[in-house]
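Taking it in order: structure first as structure tokens, then the write-up.
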There are 2 protein chains.
Amino acid sequence: MDLKALRMFVDLAKSLHFAKTAELHHVSPSTLSRIIQRLEHEVGSSLLHRDNRTVVLSEAGKQYGKFAEQQLEQWQILQLSLNQKQAELQGKLHIYCSVTAAYSHLPPLLERFRQQHPLVEIMLTTGDAADALEQVEKQAVDFAIAARPEQLSRIFNFHHLAEIPLSVIAPTMICQVQQQLQQAFLWSEIPIILPEHGPARKRFELWFRKKQQGKANIYATVSGHEALVSMVALGCGVGIVPQVVVENSPVKERVDYLTNVGEIEPFELGVCCLNQSKDQPLIKAFFESIK
Amino acid sequence: MDLKALRMFVDLAKSLHFAKTAELHHVSPSTLSRIIQRLEHEVGSSLLHRDNRTVVLSEAGKQYGKFAEQQLEQWQILQLSLNQKQAELQGKLHIYCSVTAAYSHLPPLLERFRQQHPLVEIMLTTGDAADALEQVEKQAVDFAIAARPEQLSRIFNFHHLAEIPLSVIAPTMICQVQQQLQQAFLWSEIPIILPEHGPARKRFELWFRKKQQGKANIYATVSGHEALVSMVALGCGVGIVPQVVVENSPVKERVDYLTNVGEIEPFELGVCCLNQSKDQPLIKAFFESIK
DNA sequence: TGTAGTGTTGCTAAAAACGCAATATAAAAT
DNA sequence: ATTTTATATTGCGTTTTTAGCAACACTACA
């Protein structure tokens, strides 16, 4: 009986609709169904009568709903009371990250921080992941969600978040590139699309050198992984990007992963700030909230 | 943040002692430590100051303690209110099980039932596991926690609970049996202690026949697995018993498991009642609460 | 009778939790 | 001052739990 389950139940009791409630909470309907089953088992009686088409609250369900709301309210009160001290902290916090990271990795980090420091204003700048460290260095932002380069200058403080696997992607559509890949081919003949700079480019160079097939046929260089996926989807060539960028891309149906093309070392994604500023109250509080 | 964690925190806040609290709740100290860490992470501040030797509540911890007690109280209120209808159910319920099952398997079953039907009086009879079905058949009890025999009469209703592995145990102490086992030996020479009857005896006969070493040298037959462990511990011979009996035995330090002695088919442990009585309200309610 | 909408269940893969054993540290004892 | 004891935490392998997909079962409605 955790808070998430209670929230879901409260919402479900309002909407009386599993699918919608599940979507609202970013879980699959089956998960929600099982969560409710767990609750029912815990209290020892069924909370909802469902006849496979409609859902209504049982008497126990109504009581449970009130209970759940009370519990959640008390939790909120506790939060408020505990955060009063921390709430003194206020100001602006500038964050830089890629569009993709903003979707995939930032939300859970910010959620806790915002809860603990509601008065702090978050300013989010999105852009090419490769520019992240530069932004931090020139103090345009307080910190960035960034991939760790092989050589990380001493001036930075880096906190590990996750490993980001890279993949080689190719267009799904019928085009010249597609046909080349179908046949026997030399990598030096395949047009390749690359990031202008940054760790992803480094990864590519390392990977291509291993193939020992001469010079790469670079079709274009772009800034920003998101744009790179689009280029590939349009059939311009193949590219290397983080899988998570593809998953969140609106054109993900139009690219395929190439398998058996050799290992590509994954990114190490993390939160990066200047060492000199890591003791500033806001930045310190942020690192505190994510560790 | 589930109820168990809250209960543990409340107790810990009183005792200020991890090891004792952990034991009280039947978990290892490390588990408790991690549970508290989880709570602290959830609220975003430390609840206890510990300097590796002493534990004191932090300010946040005090507030959290109050919160936890409130939450638990509301849960109790909910329980009470939901159980009012079911509480109409009252009477006596006679249960039979072995001493060991009373420790190891019964508590979790009864806990839910008692919560849901507080007015029902539980009458527990412990005894030799092998007598369980007999007790049910002659209606001395309402149901029993029992091992399923190969042939289960149609008059019984059986609900599976768990697989109980059997083991061959021998005395740890230096004695004749011990020495025999150390050397090359024939199984027909080793003194063996057996249950008088019941599934465990059947298992033994099956197992011994596989060895094809003639007739077993049966030193003694006893009724009740618990007594059997004692006999083995005293050095009278080797025996076959459920592992769980050994684990709960006060003399478990004085017996060893024999390995590489062949497979013994495990018990199927379950709840067993008469088919004719499975629709009685109390018995039905019990099965409901454990399924 | 077919079709779309809805909740549940079987199954497998991933994640979380557990407990043991080792570790760290501080108080108490020698 | 050094050893012993008491206590909480951490590393790690194992077990248990949970999530989500896909298939299913059922119902309303066209």
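Naming: A, B, ... by sequence-line order, numbering from 1 per chain.
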What nitrogen or oxygen pairs link the protein and nucleotides 13-18 of chain D at under 3.5 Å?
none

Original post:
Angle, rounded to 10°, between the helical axes spanning five pairs at each terminus of the helix from C:dT1-D:dA30 to C:dT30-D:dA1?
Top reply: 20°

**OP:** Determine, for A:K62 against A:E69, whether the closest basic-nitrogen to carboxylate-oxygen distance falls under 4.0 angstrom.
**Re:** no

**OP:** Only counting residues at least two apart or in another chain, list the ones meeting ring-ring contact (aromatic ring centres under 6.0 Å, His included) with A:F67.
**Re:** A:Y64, B:W75

Subject >> Polar side chain donor-acceptor pair, A:S15 to A:T21, under 3.5 angstrom >> reply: yes

Original post:
Rounded to the nearest Å, what distance is computed from the CD atom of residue A:E40 to the P atom of nucleotide C:dG7?
Top reply: 13 Å

Subject >> Nearest-Å distance for atom pair CG/C1', residues A:L12 and C:dT6 >> reply: 13 Å

Original post:
Rounded to whole angstroms, how far apart are NZ on B:K4 and C1' on C:dC18?
Top reply: 12 Å

**OP:** Would you give the length of the straight line joining atom CD1 of B:I36 to atom NE2 of B:H41, rounded to the nearest 0.5 angstrom?
**Re:** 15.0 Å

Original post:
Got B:V55 and B:H49 here, is their nearest side-chain heavy-atom distance under 4.5 Å?
Top reply: no

**OP:** Assess the side chains of B:S33 and B:S30: does a donor N or O sit below 3.5 Å from an acceptor N or O?
**Re:** no

Original post:
Taking the side chain as C-beta and beyond, is there a heavy-atom pair between A:L161 and A:L109 under 4.5 Å?
Top reply: yes

Subject >> Pairing of A:R203 and A:E150 as salt bridge, 4.0 angstrom limit >> reply: yes

**OP:** Check if the side chain of A:S30 and the base of D:dC21 share a donor-acceptor pair of N or O atoms closer than 3.5 Å.
**Re:** yes

Original post:
Between B:M8 (CE) and D:dA8 (C1'), how many Å, whole number?
Top reply: 16 Å

**OP:** To the nearest Å, give me how far apart CG (A:L48) and C1' (C:dT8) are.
**Re:** 14 Å

Subject >> Test side chain to side chain donor-acceptor pair (under 3.5 Å) applied to B:Q74 - qualifying residues, sequence neighbours left out >> reply: A:Q70, A:Q71

Original post:
How long is the line joining CZ of B:R34 and P of C:dA21, in whole Å?
Top reply: 15 Å

Original post:
Is B:R50 near enough to D:dT7 that one of its side-chain N or O atoms lies under 4.0 angstrom from OP1 or OP2?
Top reply: no

Original post:
Can you check the B:F9 CZ to D:dA8 P distance for me, whole Å?
Top reply: 14 Å

Subject >> Distance, nearest 0.5 Å, that separates OG1 of B:T31 from CZ of B:R34 >> reply: 7.5 Å

**OP:** Mind listing the residues from residues 17-28 of chain B sitting with a heavy atom below 4.0 Å of DNA chain C? Number order is fine.
**Re:** B:V27, B:S28

Original post:
Under the ring-ring contact (aromatic ring centres under 6.0 Å, His included) test, which residues partner B:F113, sequence neighbours left out?
Top reply: B:H117, B:F286

Original post:
Is any side-chain nitrogen or oxygen of B:Q37 closer than 4.0 Å to OP1 or OP2 of D:dT10?
Top reply: yes

Original post:
How many Å lie between NE2 on A:H49 and P on C:dG7, as a whole number?
Top reply: 16 Å

